[in-house]
Each structure stands twice: as structure tokens, then as C-alpha cells.
Protein chains: 2
Amino acid sequence: MKRQTWQREAVRTALGASEGFVSAQHLHSSLREGGSSIGLATVYRQLSSLEEAGEVDALQQDGESLYRACSTDKHHHHLICRRCGTAVEISADAVEQWAAGVAAEHGFTQPNHVVDVFGLCAACTAELTEA
Amino acid sequence: MKRQTWQREAVRTALGASEGFVSAQHLHSSLREGGSSIGLATVYRQLSSLEEAGEVDALQQDGESLYRACSTDKHHHHLICRRCGTAVEISADAVEQWAAGVAAEHGFTQPNHVVDVFGLCAACTAELTEA
DNA sequence: GTTCATGCAAAAAGTTTGCATGATT
DNA sequence: AATCATGCAAACTTTTTGCATGAAC
């Protein structure tokens with residue numbers, strides 16, 4: 001059982017108050033600016049812990065991890081812009097089922113999958129076209 | 001126009017010879033072990049350049065970037081055993097189309113995707129069960 | 001001959017870890 | 001009282017950058 005500390009709650013709250021994905025460092029700065037004395041290492045540790053607990057969603061971008069409070073516990077994927085990094089959540093039961101089916105078909109158990117779609121978002125497409 | 005150096009070609013070749021995604025560091029080690037005197041910084045620079053040129057596909061995982069040669073011909077995916085590493089090639093037009101559709105639906109252009117399924121292969125499942 | 005890429009080493013940037021202290025159970 | 005989380009600083013990993021040299025145009 002995880003211990004209930006004010007730091008853990010602070011991270012939860014700060015994440016919940018943030019729009020979209022936030023980096024651990026940014027979260028730490030926000031907390032410190034808000035008067036908290038929480039340490040950076042603790043923010044990292046809590047984020048890992050919360051991710052493992054399924055309370056937050058993590059995504060890697062530009063060499064750093066970004067976190068967000070997990071609204072639904074439903075598994076989902078991302079549609080990511082190759083240029084500006086914007087990420088849109090996508091979900092598709094069809095893909096989930098296909099992955100599970102393919103695994104079973106080959107005798108694989110405990111299936112997991114990595115599904116991400118990359119592309120140029122509308123804004124970046126426009127910018128590159130007019131240039 | 002980018003200059004044509006043997007290093008650029010070496011990175012292209014090494015990437016093409018690799019199955020699946022490879023890290024820059026791994027690629028560099030492979031090249032050095034193969035007798036090349038290429039520098040690590042050059043591998044990073046070439047990978048960035050090739051990515052920008054659309055010749056390679058990048059994906060971030062576990063705090064590092066993984067790269068793969070972007071084949072123009074029909075690509076396939078992998079069903080990989082988490083324990084022994086066995087990889088089975090899989091292909092599914094349904095998934096290809098779904099990815100393209102999802103991208104278009106959100107205004108994304110030049111879609112690309114990463115789809116890999118992990119699990120325990122039949123052999124490893126058996127081994128772990130009897131143990 | 002000029003320009004640009006390379007290699008090395010040093011620096012950045014992000015994340016993890018060791019350890020003594022203090023909080024939680 | 002015993003355990004586990006915290007904060008700090010140092011260690012680590014991956015990636016980037018400055019600069020002199022050498023290669024490509």
C-alpha cells in the first residue's frame with residue numbers, strides 16, 4: 001500500500017489543474033512557485049508511481065516525458081505531429097481487438113501493443129505549403 | 001543539397017540492415033564493431049537529417065529515440081516475444097487503412113505509423129507456466 | 001578555394017539514485 | 001518503534017554543441 005503524503009496529493013492536484021500534457025520539470029516549477037517545498041526527485045518518483053497505478057498517462061517527446069491526469073482508464077493511442085509535437089488522443093477498439101487476435105493466432109499470451117500514428121498536423125501542413 | 005559522405009551512406013545502410021527500431025547509440029556501436037570510425041555525434045546528426053528528409057522514421061521510448069529506415073514499399077509489423085525476442089512478421093491492411101483514416105480525419109497529412117505487438121510466445125508461455 | 005561535415009571532448013538536459021532525515025503507519 | 005517517503009546533491013544517460021581539421025563541391 002502506498003503511503004499518503006501531502007506531496008503525492010500535491011502532484012495529483014497540480015496534474016489535475018493542468019491542461020494537456022506537462023513535463024515533470026514544469027510541474028515541479030509550478031508547485032514551487034505556488035509555495036510548495038516539494039523536491040524535484042519526489043515529483044519524478046510520484047509521477048512514476050502514479051503512472052504505474054494507472055492514474056496518469058505518460059508520453060515521450062523531445063527527449064522528455066510528459067504527463068497528464070488520466071481522465072478515462074481506457075487504453076488509447078496518439079496521433080502525433082512530426083513537426084510541432086501536438087498529440088491527439090485516439091482510440092479504436094478495432095485495433096485493440098486486432099492486436100489481441102494476431103497475438104492469439106500465433107500462440108502469444110499477455111499481449112501488449114504499441115500503436116502510434118505520425119503525420120503533419122493541419123497547421124504545420126499549411127505552414128510548409130505556403131513557404 | 002546535402003553532401004554525400006560515406007558516413008551518411010553508412011548510417012543509411014546500417015539502418016536498412018536493422019530489423020525494427022534501433023537507437024542511435026546501438027547503431028553507432030554496430031558501425032564501430034563493423035570497423036567504421038564514424039563518430040557518435042555524426043550518427044546523431046545524420047539521423048536527424050535523414051528524419052527531416054523523410055528517409056527515416058523516429059519514435060521515442062524509455063527516454064531514448066529509436067529509428068527505422070522508412071521503406072517506400074509495403075511495410076509490415078512485428079509480433080515480438082517480450083522474453084526471448086522472437087519476432088513474427090505480421091501485416092494487416094485493415095490497420096494500415098485505419099491509420100491513414102484516423103490521420104485524415106484530424107487533418108493530418110503524410111501519415112506514418114508505428115504498430116508493434118508484444119507478448120509472450122507459446123514456448124516462453126509454456127516455460128513460465130511449468131516453472 | 002570555399003564551404004560544409006566530421007570527430008572529439010565538453011556541455012546540456014532530463015532522469016535516477018544514495019543517503020541521512022523526517023513523516024506515516 | 002519500524003518503515004517508508006522525502007530532499008538534496010551527485011551520478012548517469014542520452015543528445016547537442018564548439019571548434020579545429022579534413023573532405024566534398
Side-chain angles (χ1 to χ4, degrees), chain A residues 1-15 18 20-68 80 82-85 87 114 116 118, chain B residues 1-15 18 20-68 114:
Chain A
M1 194 56 165
K2 278 275 176 262
R3 264 181 201 185
Q4 181 181 336
T5 62
W6 63 264
Q7 287 96 335
R8 187 174 181 84
E9 196 50 36
V11 169
R12 266 207 202 90
T13 305
L15 257 186
S18 304
F21 287 87
V22 196
S23 72
Q25 314 245 12
H26 185 280
L27 207 60
H28 178 241
S29 297
S30 299
L31 285 162
R32 294 297 274 238
E33 278 168 24
S36 174
S37 63
I38 194 172
L40 177 58
T42 299
V43 173
Y44 275 106
R45 286 190 276 234
Q46 287 298 350
L47 285 172
S48 290
S49 167
L50 290 169
E51 183 190 2
E52 198 172 3
E55 289 191 44
V56 313
D57 206 12
L59 137 71
Q60 314 219 247
Q61 189 151 98
D62 259 10
E64 69 180 2
S65 292
L66 302 179
Y67 303 85
R68 185 179 61 177
I80 304 158
R82 196 156 34 222
R83 186 153 168 278
C84 71
V114 173
D116 284 301
F118 297 90
Chain B
M1 194 56 174
K2 279 275 176 268
R3 251 170 217 196
Q4 182 181 336
T5 61
W6 63 265
Q7 286 96 336
R8 188 174 180 84
E9 197 49 38
V11 169
R12 266 208 203 90
T13 305
L15 257 186
S18 305
F21 287 86
V22 196
S23 72
Q25 314 247 11
H26 185 280
L27 208 59
H28 178 242
S29 298
S30 299
L31 285 162
R32 295 297 274 240
E33 278 168 24
S36 175
S37 62
I38 195 171
L40 177 58
T42 300
V43 173
Y44 275 107
R45 286 190 275 234
Q46 286 298 348
L47 285 172
S48 290
S49 167
L50 289 169
E51 183 189 3
E52 197 171 3
E55 289 192 45
V56 314
D57 215 8
L59 143 70
Q60 314 217 243
Q61 192 155 88
D62 269 349
E64 69 181 2
S65 292
L66 302 179
Y67 302 86
R68 181 178 66 176
V114 172

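Predicted, not measured: the structure shown is a model, and the values here were computed from it. Lettering follows sequence order; numbering is per chain, from 1.
Shown here are the ring-ring contact (aromatic ring centres under 6.0 Å, His included) partners of A:Phe21, two or more places apart in sequence or in another chain: A:His78.
Rounded to whole angstrom, the span from the CD atom of A:Glu9 across to the C1' atom of D:dA5 amounts to 15 Å. To the nearest angstrom, P of D:dT15 lies 16 Å from CD of B:Gln46. As a whole-Å value, the separation of B:Leu47 CG from C:dT6 C1' is 15 Å. Summarising the geometry, the separation between CG on B:Leu40 and C1' on D:dT13 is reported as 12 Å, rounded to the nearest angstrom.
Contact annotation: the side chain of B:Ser30 approaches that of B:His26 to within less than 4.5 Å [non-hydrogen atoms, C-beta and beyond]. The shortest distance between side-chain heavy atoms of A:Val11 and A:Val56 does not fall below 4.5 Å.
Rounded to the nearest 0.5 angstrom, B:Glu51 CD and B:Arg68 CZ are separated by 12.5 Å. Taken from CZ in A:Arg8 to CG in A:Leu47, the straight-line distance is 10.0 Å, to the nearest 0.5 Å. We find the CG-CD distance between B:Leu59 and B:Glu64 to be 10.0 Å, quoted to the nearest 0.5 Å.
Between B:Leu31 and B:Ala14, the shortest heavy-atom contact is CD2-CB, 3.9 Å. Between B:Tyr44 and B:Ala24 the shortest heavy-atom distance is CE2-CB, 3.5 Å.
Tested against A:Arg12, the residues A:Gln7, A:Gln46, A:Glu55 include a single side chain to side chain donor-acceptor pair (under 3.5 Å) partner, A:Glu55.
Using a distance-only test at 3.5 Å, with no hydrogens or angles considered, no donor-acceptor pair links the side chain of B:Ser49 to the main chain of B:Arg45. Looking only at distances, a side-chain donor or acceptor of B:Gln60 sits under 3.5 Å from a matching main-chain atom of A:Asp62.
Of the two residues contacting DNA chain D, namely B:Gln60 and A:Arg8, the nearest-nucleotide position lying further toward the 5' end is that of A:Arg8.
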Nucleotides 11-14 of chain C: which of its N/O atoms have a protein N/O under 3.5 Å away?
residue, atom, partner, partner atom, Å
C:dG14, OP1, A:Glu64, OE1, 3.4

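Within residues 26-37 of chain A, the residues that have a heavy atom under 4.0 Å from DNA chain D are, in order of number, A:Arg32, A:Ser37.
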- Just by protein heavy atoms under 4.0 Å, how would nucleotides 18-25 of chain D read 5' to 3' in B, S and -? B----BBS

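Over its length, the helix from C:dG1-D:dC25 to C:dT25-D:dA1 turns its helix axis by 40°, as judged from the five terminal pairs at each end, rounded to 10°.
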What side-chain donor-acceptor pairs closer than 3.5 Å can you find for residues 35-42 of chain A, not counting sequence neighbours?
residue, atom, partner, partner atom, Å
A:Ser36, OG, A:Ile38, N, 3.2

